[in-house]
Amino acid sequence: MNLTVVGAGYIGLVTSLCFSEVGYNVFCVDVDQNKIQNLKKGISNIYEPQLERILHSNISSQKIHFFDNLKATEAHSSLYFITVGTPLNSNNEADLTQVFSTVEQIALLNNPKKLVVIKSTVPPGTLQLLKEKYKNKDIEFVSNPEFIREGSAFSDCMNPDRIIIGTDSKSATQTLFEVYKPFVKNPKSIIYMDPASAELTKYAANIMLASKISLMNEFSRICEKTGANIDSVEIGIASDQRIGPHFLKAGLGYGGSCFPKDIHSFITLGKQLNEDLLVSKAVAQTNDFQIERFAKKIIDHVQKPQKVTLWGASFKPETNDTREAPAIKIIQKLLEQKFEVNIYDPAANQSISHCFEKHPQFKSLHFFNDQYEALTNCQYLVICTEWKQFASADLEKMKSKSSQLHIFDGRNIFSLEDLKKKNISYYSIGRPQ
Ligand code: UDX
């Protein structure tokens with residue numbers, strides 16, 4: 001099978017590589033010539049477990065080919081997967097410019113019977129708009145939202161818990177079934193529906209998960225005021241099968257390229273449809289508040305500007321992605337108060353440094369290649385990301401670098417007892433201090 005993937009970002013690159021892993025000939029297109037040149041050489045700017053190995057092996061087996069323009073792929077395939085970005089615009093709507101311009105370019109190609117699969121997250125109704133606009137062209141459209149997570153993108157993509165196919169075309173349904181057959185053990189994991197429902201399913205899934213996180217964060221505030229422990233509450237509700245055990249970790253809230261963007265564009269969609277989406281709004285507000293509250297706790301405790309060490313800058317472990325990372329807001333707040341900040345992240349030092357390179361106090365940020373070195377002569381440690389190497393850190397070694405250590409743990413990675421035994425001041429979220 002030959003297919004073209006347009007957009008070599010996170011989703012596009014991982015999807016392309018998974019398609020080439022199962023033996024398809026994949027033509028991956030991106031307008032960023034520099035990115036394409038690097039990908040041809042096996043270099044990716046994304047850190048994702050397994051990515052480098054899979055990229056190299058599929059380049060060697062000539063299953064994946066990179067291009068900087070769609071025209072170059074015209075002779076090879078009529079099946080297009082669109083994975084370009086849909087960032088928030090200044091009105092907090094999903095900006096569909098890249099999706100529309102990609103479809104326009106595809107429409108101008110000469111190959112017949114094109115099938116365009118929209119994987120980018122787009123508001124319900126987008127596919128219908130495209131169908132109407134191109135009704136005189138030989139193009140069919142399918143909505144096929146993507147649910148892969150950063151940090152476990154390859155295993156999610158190779159073993160999806162479900163594939164959503166939104167179309168009313170029988171032939172498109174059949175083609176997509178063939179594409180995804182190697183990825184599903186049970187054909188029932190492929191769920192067919194109308195395009196608008198498929199488009200909405202993506203928003204619904206993300207907002208449902210984000211709302212679990214915000215609710216746990218809300219409960220954690222009550223824990224702190226009443227002596228309850230959010231860890232126990234989590235265990236207590238996770239065993240209720242109607243609630244389930246996932247996405248119940250209280251902490252600094254959600255970040256990343258999807259949840260914040262999708263919730264805001266969904267709230268805007270509601271406004272445009274004259275629907276006030278109260279729950280979605282509260283989920284977003286709670287998430288912002290959670291970070292502000294934590295930053296205030298640090299600043300109130302430390303009192304005067306001092307040096308603070310930050311462990312973790314990426315929005316979650318196993319990625320170098322700092323988009324909407326809670327660490328960004330925490331660093332901003334600390335800089336506002338004239339703190340010096342030592343930063344260590346196993347993968348995201350460079351990316352967090354880019355976020356602040358134009359900040360007037362950039363010189364107050366100091367980057368380290370070793371987590372313990374970052375602690376040297378610094379009394380305060382703030383944990384923003386739950387990388388495994390932080391949870392298994394050597395507490396004695398930490399103490400040797402910093403006498404009188406105070407830890408503000410935004411991800412609840414340490415056990416209360418261990419810290420008590422070591423006589424380290426410890427502030428976590430929703431747990432007895
Ligand atoms: C998410 C969706 O899970 C995925 O289906 C979609 O395709 C893209 O958006 P991702 O952004 O990679 O994936 O991260 P995910 O693992 O879902 O975590 C999102 C955020 O929630 C992270 O910032 C994480 O730290 C936070 N989180 C997650 C919590 O705060 N508590 C939890 O219990 C779980």
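First listed ligand is number 1; within each ligand, the first listed atom is number 1. Every value quoted in this text rests on a predicted model; they were computed, and no experiment measured them.
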Any idea which heavy atoms bring Arg411 and Phe315 closest together, and the distance?
NH2-O, 4.0 Å
Ile118 and Leu127: side-chain contact (heavy atoms from CB on, under 4.5 Å), yes or no, with the steps?
CA-CA 8 Å; Ile118 311 278; Leu127 199 125; 4.2 Å; yes
Using side chain to side chain donor-acceptor pair (under 3.5 Å) as the criterion, list what pairs up with Glu417, not counting sequence neighbours.
none
Decide if the gap between the ring center of Phe390 and the ring center of Trp311 is smaller than 6.0 angstrom.
yes
Amino acids contacting ligand 1, non-hydrogen cut-off under 4.0 Å
Glu146, Phe147, Ile148, Arg149, Glu150, Lys202, Asn206, Ile213, Phe247, Leu248, Lys249, Gly253, Tyr254, Gly255, Cys258, Phe259, Phe315, Lys316, Arg411
Under the rule for salt bridge (charged side-chain N to carboxylate O under 4.0 Å, His left out), what residues qualify as partners of Asp240, not counting sequence neighbours?
Arg242
Tell me which pairs pass salt bridge (charged side-chain N to carboxylate O under 4.0 Å, His left out) where either residue lies in residues 211-225, with sequence neighbours left out.
Glu224-Arg293, Glu224-Lys297
